[in-house]
Structures are given as structure tokens and as C-alpha cells.
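Take a look at the structure set out below.
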4 protein chains.
Amino acid sequence: MSVTAFHPDNRFMAETKREAICDAALSLFASQGIDATSTRQIAKRAGTAEGNIYRHFRGKDALVRHLFEENAMALHQTLAEAVDEADDPLERLGALVRGVFAFAADQPVGFAFLFMVSTTGAFHDDPAEWPLPMMLFAQTLKGGFRSGDFRPVDPALATGWIVAMTQRAVILHRTGIVRLGYDALVDQTVEAVQHLLRR
Amino acid sequence: MSVTAFHPDNRFMAETKREAICDAALSLFASQGIDATSTRQIAKRAGTAEGNIYRHFRGKDALVRHLFEENAMALHQTLAEAVDEADDPLERLGALVRGVFAFAADQPVGFAFLFMVSTTGAFHDDPAEWPLPMMLFAQTLKGGFRSGDFRPVDPALATGWIVAMTQRAVILHRTGIVRLGYDALVDQTVEAVQHLLRR
Amino acid sequence: MSVTAFHPDNRFMAETKREAICDAALSLFASQGIDATSTRQIAKRAGTAEGNIYRHFRGKDALVRHLFEENAMALHQTLAEAVDEADDPLERLGALVRGVFAFAADQPVGFAFLFMVSTTGAFHDDPAEWPLPMMLFAQTLKGGFRSGDFRPVDPALATGWIVAMTQRAVILHRTGIVRLGYDALVDQTVEAVQHLLRR
Amino acid sequence: MSVTAFHPDNRFMAETKREAICDAALSLFASQGIDATSTRQIAKRAGTAEGNIYRHFRGKDALVRHLFEENAMALHQTLAEAVDEADDPLERLGALVRGVFAFAADQPVGFAFLFMVSTTGAFHDDPAEWPLPMMLFAQTLKGGFRSGDFRPVDPALATGWIVAMTQRAVILHRTGIVRLGYDALVDQTVEAVQHLLRR
DNA sequence: CATGAATGAGTTTTCATTCAT
DNA sequence: AATGAATGAAAACTCATTCAT
């Protein structure tokens, strides 16, 4: 049995070793990069034995993939909820961008990791295999083009622009290069994205 | 005397081992990533001994930095020439974006490598230390804000947006996700960037 | 459970890989010198993988330091016991010299290694940082000077003389240059050292 | 022809590249140790190309041996002259010890190198193959034993003691552990050595 | 489930030596 | 005689992964 039962504070601790490993790996990956993080470091920070990682995951690669899917799913849910509450395409687009900022603020480590994987790791050649969050952008854009609310540009290209703009805005704010307050940052980016597509 | 004299094709070959090392390293870095490329691979592709890399560069890190500076400088020159031929801020901005596309078409490997370093590697926190090519964007934008040609947005943020949009457009085209012809890709991106800032 | 249980000879074998590494390294260092011994050789003789050395020690340097401290401590204990049994300074001095010979006979490899480090490696500039065994010589000599049993000479210099004489005697005997029997060697050296300081 | 002809100061410079290589190697060996000194370092300090070392010496080993023989010969000559001016064995012994100190003061680098080789490098098992300087000590001691001036101890052992004492005295003074002035250091050591053997 | 010692192929780097010029 | 680029073997060290307990 786990020692956590005696810890009233266990809500602040990883409930299981598996979670501890995930938490440790995620933060290390996000801050140092994936290649630069060793399984030893992960085990040490997780407070467990190195070999234990292999009980829970097939290997380092599988751990990376798991974390990616987990975080992509979380981001997807945030965005899916956001997009549901909006009616017209322009509002939906704004909601998506705001959703990304919300996720980045809420799960800074997960966001950094997602960003890391999506730029460092292999690109997916087929849009049908894009990660779910990007699919939401793509679908929303398509809707706007069909309804005639958006100016005519290549949908895949526009998706790329907007995702890139949003990601970069978060990074620039995080590194302190952009000195704007967070709300102004979000507002300006939402406005810019909408301006870009509004007919 | 060198064997190159007998090779009419020597303009396609590395003149010196140093260049062979640089060429090999650049293409491997660009295609596989920097961490995933070993000095062995570099030496093998360069057709030289591994130890020889260390006669020409202090180490792998120094090789990376050299390649970065070399390619950043080349991009900077392409952009500097492009920006010189334009008069008003909007045209200058368009010329810069076209310059990036031109560089990416002309030096695809160098561009891929620069992109790799700028996203993988450490970000520079201080805009004063940004790589030269980004400085050109920043200066052009500032000019447009001062003259009143551009809509008022945070300059650092706008620089980030535009660089990100341009980079992403190249990548999406290269991976085949965007099926547009290259000229259309360039035109649409230039138009979008100008639209984003035009008052 | 460990394989050693089935080995009645296990008292002659290293109980753990860590000890096997120490034993292998010590004997190789003592016979070939430290620089001339590679981690590969150590691993091979220890019957383990090279990387395993680095699980137990930070690196080759740390292994050397560990062995030095271990052996210096063993010598120190041998000498401390020897010196305790003697009353006046002259006898104490003799006991120390005999102690060194006893250690050299008992732990020939350890002694050779200590000798190697103390002459090859960096000298400690500050007597307060001398290795423990030398401290015993220094203290004994100081006692003799204070009590007036010893002729007046510089204490640090005299310590150096005596330690050097003793070390050299062991080496000369070991290499066969001095053909004396071991007991005669010890007796002559003890007598010489006492003669050197006796008032 | 050499550039030195135009240098009025060439008496301060190595006359030939060969000498430059020897000088550079000797000082590097003496300060860092032989293994820790690379041919590159030697070439750089000598102001010549690395490959040039191999025009003048068969390899690094040959260079080491050459330097050893050169310096051992120089020490031998210093000692031979010193020993010639003394009549009885005790004086000869004192002259030898003083000679070692004189050599160490005059050629500190050469002395440090000799010391390094004699402790680090291989020991000569056969007294007949001892380096020449040690032979002088051995012969002088034998003379003293034969004439009855010296107390009866094993000649090879006594030689070892005295050489060790002398070397150690120089080292201790050089490292600052012994704070005596140089003259006092020499006098005390000479006196001690003579006291050790005087009947 | 959990441990951590053990593995071995891999990495970057150094170095004595050779060779074309 | 001199150069310095080139070589390849070997060095120290890392790391994802396995395995006995």
C-alpha cells in the first residue's frame, strides 16, 4: 500500500508512481527539452527507481507519446468547450485563440511541452493526422470560408498562420520579450487573428 | 596540387574538408535535428575522420554556432538588400517577407537549420540580442508605427506574429500540407501580413 | 540471492561489483600508473561493464580519490596503533617506521598506490592539509623536539627526510635493488632514522 | 636560412627549432607531467608545427628519453666536478649533496623533470643501469665504506636514503612547505646526510 | 509493484603519428 | 627543413534499457 494514505497533504502529491513519473517527465521535458532529459533525471525527480519507468511505459518514446496525447487531449477539451459557446465563425475563432491562452495560463508546463513536440518532433504530413487541437482550428476556418464570413485564403495555410501567431504570442510573453499585460496580449492577438480573416 | 583541378565538377564539391564538414553537418542537422546528429555521422558524410572535426572547430557546439552565424548572416544580407529597394513601410514589410521566402527557396537547408535553432535552441530574452534578421523586421515595423502607416499594436508582439507566420508558411509548404504553388503561397502570405498591419 | 553463496571461495572474491572495481583499479594503478590505466582495463579486470564504474564513482578522478582516502586511512590506522604502544619519542619514531614497513608488507598494492599518488599527484602546500599518515610523523617529531630528545632541525624538513627514506627503502627492496632480507632492511632503516634525530 | 640572423637578441632565443622543441617540452613536462603534455602543446609553445617534432625525434618517447639523458648528463657533470674537489669520503658526500642543490637551483626545470621521470617512470632494477648521477653517490658511498669512514650499512640502501632525502628537501622547499632559507636548507641537509653515515 | 545494479552500444573528444605539399 | 591538415585508435563518459531480487 502507498504511503500517501498517511499524508493528509496527498492532494498535492502524485497519487501514484505513474503520475509522479509523468509529472517529473513533463516538467523536465518542457524546461530542458526531450533529448536533453535522461531517464535518470526523471526517476530522480519522480522519487522512484529508474527501472520503474519501464513498468509503466514501454520506453522513453512511449512516455513522450503518452504525455503528448494526454496534453493534446486536455487542450482539445478546453478548446472544444470554448468553441461550443460561440455562434458565428468569427466568434468561434476568437474563442479558440482565447482557449489556447487559457490553456497556456492554466497548464504552462503542458503547453510548453506541446509546443516543444510540435516544433522539434516530426511534422505530420497529412492534415487528417493533425493533432486534435489543430483540427478544431481547421474546422472552424473551413466553416468561415463556406459561410462567406472569411476572406478567401488557403485554409491549411490560414490555420498554420493562426496557430503560429498564437503560440508565438504565448512564448514571447513568457520570455518577457513582450511586456504587455496578459489580458492586453490576449485581446490584441484575438483582434489580429479576426482582422486577418474578417471579410 | 589539389585533386580538384581534375574535376570540372568541383564547383559542386566542397573545396576543402572544412567546407565538407560544414555541408555535411548542416544537411544532417537540418534533416534530423542537432542532438540526433552525431559527430560520427557528420564525419562519415563529409568523407573525413571524426577527429578532423576538432581541428576545424572547438567541438560540436562551436560547429553549430558557426553554422548558425553563417546562415543568419546570409539571410540577413538577403533581407537587407530586399528592404533597401522599397520605399514605404508596407512595401518594406512585403519585401522582407518575400526575402524570407526567397532565402528559403535558395538555401532550403540553411533555412531549415535556422528554423531548428530558433525554435529548439534557447530564446534570447533581450530584443537587443535578437538575431540580425529579426532586427530588420523589428526596425521596419517600428518605422511603420512611427509614420502612422501601421495600425497600433505592440511592436515586439507584431514582429513575433509576422516572423512566425512566415516561417510556418514555408514549413507547411515544404511538408506538403499546403498544396498551393510557391508563388501563390508567397503572395497570399505577403498580402496577409500587410493586411494585418495596414491601417 | 547472490551467487556468492555457492562459492566457498567467496572470501577471496570481491563481494560486490563496487569492490571488484576498486580492487581492479587499485592493482592496475599500482602496477602501471594512474594515467596509463584506462577505465576499459579496469572494467575488464573487474569483470564488469565500463559504464558501471560511473554508477559507483563520479569518474576516474573520484575513483582515484576514493582509493587514496581508503588506503591512507588504513595506513593511518596501522601507524596510529603502532605509535600508541611506544613511550618516548625515539621509540615512537621507530614504531612509525616499522608501521610503514608492516603496511607495505601487508598491503603491497595499496602502498604502491599511495606512493604513486603522493609523488605523482599534486603536493599539498599546507602542512595542515597533509594526509593523515604524514601528520603522525610530524606530530611525533614535534614531540621529540619539544622534549629535547631530538637534535634541533627544521621539523617539516625532518619529516620529509624520514618519510622519503622509508618510502624509498620499501621501493628499493621491492625492485630488488637492495638485496637485504626484509627484517634487516627494516632494522637498518629504523636505526638510521633514529640515529638521524637522536641527540 | 634562419630568421635568427636578423635578431640581435637571438642569444635569448632557441637557436634551432630542435632546441625550441626541447625547451618547450622540458618546461611542459616538468610543470604538468609527461602524460598530461600533448605534442600539440609542445609544438605550439615551441612556435613550430606539430609534425616537425617527428623530423627531430622518432616520437614523444624518444623526446622524453633524449631530455632525460641530456639533463642526467648535465647533473652528472655538476656532481662530477663537485666530487673531484673533495678529498675524504665525508667531504665528497657533502659535495655531492651540495651539487644536487646547486643543480636544482641552476636548472630548476631540468631538475623537476628528472625527478618526475625517476618517480613516475620505470625503475631500473639493476644498479649497473642506474642513471649516472646515482652512480656517483653509489661510488662515493662505497669508498667511504671501504675506507672505514662510514658506518656499516647496505650500500644500495644508503644510496637510496640519501638521494631520497636530497630530492625531497628540494621539493619541500620549492613547494614552500619548508620555510627555511635556501642556504640553511642545504646546510642542514648536508649535515644530516653526513651525520647519517659518519662513524 | 518496486528497486537499483548491471549492461553495452553509443556519445563527444583527445592525441600521437603520418603525409602531401 | 618545415608545415599543418588528416588520420584512426583509444580515451572518458552517458544513457536507454534489462534483470535479479
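Computed from a predicted structure; not experimentally measured. Per chain, numbering begins at 1; letters A, B, ... match sequence-line order.
- For the pair R58(B) CZ and dC15(E) P, the computed distance is 12 Å after rounding to whole Å.
- Ring geometry for F29(D) versus F113(D): interplanar angle under 30°, hence parallel rather than tilted (30 to 60°).
- If you find the closest nucleotide of DNA chain F to T39(C) and to G47(B), the one lying nearer the 5' end belongs to G47(B).
- For E50(B), the listed nucleotide lying nearest its side chain is dT13(E); candidates were dT13(E), dA2(E), dC15(F).
- Look at CZ on R55(B): it is 6 Å from C1' on dA5(F), rounded to the nearest Å.
- Counting any heavy atom pair closer than 4.0 Å across all strands shown, R18(C) reaches no nucleic acid atom.
- dT21(E) atom P lies 13 Å from atom NZ of K17(B), rounded to whole Å.
- Between A36(B) and A49(C), the one whose closest nucleotide on DNA chain E sits nearer the 5' end is A49(C).
- For dA6(F), the paired base is dT17(E) (Watson-Crick or G-U wobble, both distances below 3.5 Å).
- When the side-chain nitrogen and oxygen atoms of T48(B) are compared with OP1 and OP2 of dT7(F), one or more of them lie within a distance under 4.0 Å.
- Taking atom CD1 of I53(A) as the reference point, atom P of dA16(F) lies 9 Å away to the nearest angstrom.
- Here the P atom of nucleotide dA5(F) and the CZ atom of F57(B) are 12 Å apart, to the nearest Å.
- Of the candidate nucleotides dC15(F), dT17(F), dT3(F), dT17(F) has the atom lying nearest to any side-chain atom of Y54(A).
- Shown here for L63(B) and A25(B), the closest heavy-atom pair between the two residues is CD2-CB, 3.7 Å.
- With both pairing distances under 3.5 Å, dA1(F) is matched to nothing as a Watson-Crick or G-U wobble pair.
- Here the nucleotide nearest the side chain of H56(B), chosen from dA6(F), dT13(E), dA5(E), is dA6(F).
- Remark: the backbone N or O of G47(B) is paired with a side-chain donor or acceptor of K17(B) at under 3.5 angstrom.
- Counting all heavy atoms, side chain and backbone alike, L26(D) lies closest to L67(D) at N-CD1, 3.9 Å.
- Between the side chain of K60(A) and the backbone N or O of I34(A), at least one donor-acceptor pair lies under 3.5 Å.
- Between I21(C) atom CD1 and dA12(F) atom C1' there is a gap of 15 Å when expressed in whole angstrom units.
- At whole-Å resolution of the value, NZ in K60(A) and C1' in dT14(F) are 11 Å apart.
- Of the two residues contacting DNA chain F, namely G51(B) and N52(C), the nearest-nucleotide position lying further toward the 5' end is that of G51(B).
- Of the candidates dA2(E), dC15(F), dA11(F), dC15(F) carries the atom nearest the S38(A) side chain, counting heavy atoms from C-beta on.
- Backbone-only contact: G59(D) has heavy atoms under 4.0 Å from sugar-phosphate atoms and none from a base.
- Atom CG of D35(A) is separated from atom C1' of dT11(E) by 13 Å (rounded to the nearest Å).
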